[in-house]
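The structure appears below as structure tokens.
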Amino acid sequence: MCGIVGYIGTQNAKEILLRGLEKLEYRGYDSAGIATRDEQGVTVTKAQGRIAELRKETEKAGDGSTGIGHTRWATHGVPNYDNSHPHQSSSKRFTIVHNGVIENYEELQQAYIPNVELKSDTDTEVIVQLVEHFSNEGLSTEDAFTKVISLLHGSYALGLLDSEDSETIYVAKNKSPLLVGIGNGFNVIASDALAMIQVTSEYKELKDQEIVLVQRDSVVIKDLEGNHIDRESYTAEIDASDAEKGVYSHYMLKEIHEQPAVMRRIIQEYQDEEGNLKIDPEIIKDVHEADRIYIIAAGTSYHAGLVGKEFLEKWAGVPTEVHVSSEFVYNTPLLSEKPLFIYISQSGETADSRAVLVETTKLGHKSLTITNVAGSTLSREADHTLLLHAGPEIAVASTKAYTAQIAVLSILSQVVAKEHGREADIDLLRELAKVTTAIETIVDDAPKMEQIATDFLKTTRNAFFIGRTMDYNVSLEGALKLKEISYIQAEGFAGGELKHGTIALIEDGTPVIALATQEGVNLSIRGNVKEVVARGANPCIISMEGLEKEGDTYVIPHVYDLLTPLVSVVSLQLISYYAALHRDLDVDKPRNLAKSVTVE
Ligand code: M6R
């Protein structure tokens, strides 16, 4: 989604902003812009499309040492030049960048600035015009900005420049992420630490509705009443090289290849000195006391939650429900007496999930976030956090975060099982080590996955993924991966459900990718394959050693049955990757999608 950067210091802001925006490209955007301030005033440069376009445009821009930048993922108004950020007030005195959605912008416009002519269709322009309105009424810029913040309803991260004040970037946030980075003789703002990690690794978190004055040598944080707030900074533990593609042609491919290393890191991080699995005892206590777990997540993280439910119920013995966050928030089911909420989110910033967390916290329910980003909003606001240790995931299509989420959920479930005195039927550490080797085998088999993509998906308009039990969960994820990057219409179905409607869609040559890794349902899923073949489908069967049959398309190495999603999904990730590549598509930045979905 939208991304913000800002710089105030002594160097040329333009290059720092552009590099920061390039680092935010992975979040998804359709236009970008920067505003820099020098002795002549503020210069705004914008471009539709990629940062490369913006770079060309900025050749004429000034060399100021203060500036703000933005990547826009359109919400209000089409992605065109006028709607791109930064936006300026009528007199051009104020310039603003904004992430999020202002719910009451029309009311505010009618109430305060009905006669101001707006140049864009955005809610953002109303904010900057309001600052000018209150400034014209005699308020200082800080007071005008504070006044506007007190009026806004919705989500926002804001950076504001005043052409009459070379010393300050005015900053505030509500629900949308924004950090202040601390430098030596300069300070920065950024939607995430990754954007500015090249210039500083020291950051201050901002809380909702604080007013922050970012200057070259100071960062002043105040509440809406003007009281000063002290905030310690923290060091963001991101290795800048983790955010580079290295030898890989795409981040997605790199991240698929990183999965064995991520598995090893998780095994290491969640092991004590005696070699036993470890989880914070406070988390175990909360799981122990819960009568039901509610997993809340979106997209791929939701699919990981479906797998996690199996571990929590089968190993830990805790009844578990999995919910799509955007539905749960408006249609909350009848809750148990002592629920525990588990939020699964790679980014830790998903607005839909955060909306649920806000509500469940108000109700006094305990919460645990499983995330890849330490210090993210969901992590900060939940009672507990378990980290994925997957390293930055840049490609929009989530791969290593999914397998990391499942691995962490398996460890949590096993530790709880042990604490509950439930007999473990597996040695999880040994099985995860086997999983790691199996993933390596599949990654090495990438040319075979490329061939599958060629044989089954090169020209098709649609594709179906089927499976039963654990394989059904993975088929949902396989279909999401394929559709989001290749734009092939793909759906995942429970094998037994096809004949209740979906089989009507099967035509001559329709690709059906069937997962057959579960012993208990091996015969049934193969029966479902026969049903679709009888109607002309082109079946691609991915089975597991020990369950394979002649003619299977690919056989994954044998792993413990509940852990097969960690392995089978890797073949589907690679197949999707090559299907998109063959169609010459932008694998890492698929159309219309954003990495971090920070609006509801
Ligand atoms: O950051 P999150 O895990 O909360 O994001 C949730 C979804 O937006 C995300 O998993 C999305 O579905 C992926 N891009 C799919 O690959």
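Note that ligands are numbered from 1 as they come in the structure, with each ligand's atoms numbered from 1 the same way. Only this structure's heavy atoms are used, side chains among them; waters, hydrogens and symmetry mates stay out.
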Nearest-contact summary for [atom] - protein heavy atom, Å:
{"atom": "atom 16 (O) of ligand 1", "result": "Glu484 OE2, 2.4 Å"}
{"atom": "atom 3 (O) of ligand 1", "result": "Ser301 OG, 2.5 Å"}
{"atom": "atom 10 (O) of ligand 1", "result": "Thr300 N, 3.1 Å"}
{"atom": "atom 1 (O) of ligand 1", "result": "Ser347 OG, 2.6 Å"}
{"atom": "atom 8 (O) of ligand 1", "result": "Val597 CG2, 3.9 Å"}
{"atom": "atom 4 (O) of ligand 1", "result": "Thr350 OG1, 2.4 Å"}
{"atom": "atom 6 (C) of ligand 1", "result": "Ala298 O, 3.3 Å"}

* Is the closest N or O pair between Ser398 and ligand 1 shorter than 3.5 Å? ->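 It does: an N or O of Ser398 is found under 3.5 Å from an N or O of ligand 1.
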
* Asked: Any N or O on Val396 sitting closer than 3.5 Å to an N or O of ligand 1?
  ->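 Yes, there is a polar N/O contact under 3.5 Å.
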
With a 4.5 Å cut-off on side-chain heavy atoms, are [Y] and [X] touching?
{"X": "Tyr578", "Y": "Ile575", "result": "no"}
{"X": "Leu572", "Y": "Ser568", "result": "no"}
{"X": "Thr371", "Y": "Leu378", "result": "no"}
{"X": "Tyr234", "Y": "Leu179", "result": "yes"}

* Provide the closest heavy-atom pair for Gly159 versus Ile68 in the form atom of the first, atom of the second, distance. =>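 Closest heavy-atom pair between Gly159 and Ile68: O-CD1, 3.6 Å.
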
* Asked: Which atoms from ligand 1 have a heavy atom of Ala397 less than 4.0 Å away?
  -> 16 (O)

* Atoms in ligand 1 with a heavy atom of Ser345 nearer than 4.0 Å -> 1 (O), 2 (P), 3 (O), 4 (O)

* Separation between CG of Leu306 and CG of Leu409, rounded to the nearest 0.5 Å ->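 Result: 11.0 Å between the selected atoms.
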
* To do: Establish, yes or no, whether a centroid distance under 6.0 Å links the rings of Tyr402 and His303.
  => no

* To do: Taking the six-membered ring for Trp and the full ring for Phe, Tyr or His, determine whether the centres of Phe341 and Phe328 are under 6.0 Å apart.
  =>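 So the answer is yes for these two rings.
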
* Asked: Is it the side chain (CB and beyond), the backbone, both or neither of Lys481 that lies under 4.0 Å from ligand 1, heavy atoms counted?
  ->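 Only the side chain of Lys481 comes within reach of ligand 1.
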
* Does ligand 1 have an atom that lies less than 4.0 angstrom from a heavy atom of Ser353? -> no

* Could you please spell out the steps behind the side-chain hydrogen bond (donor to acceptor under 3.5 Å, both in side chains) verdict for His384 and Asp286? => CA-CA 10 Å; His384 311 288; Asp286 283 347; 2.6 Å; yes

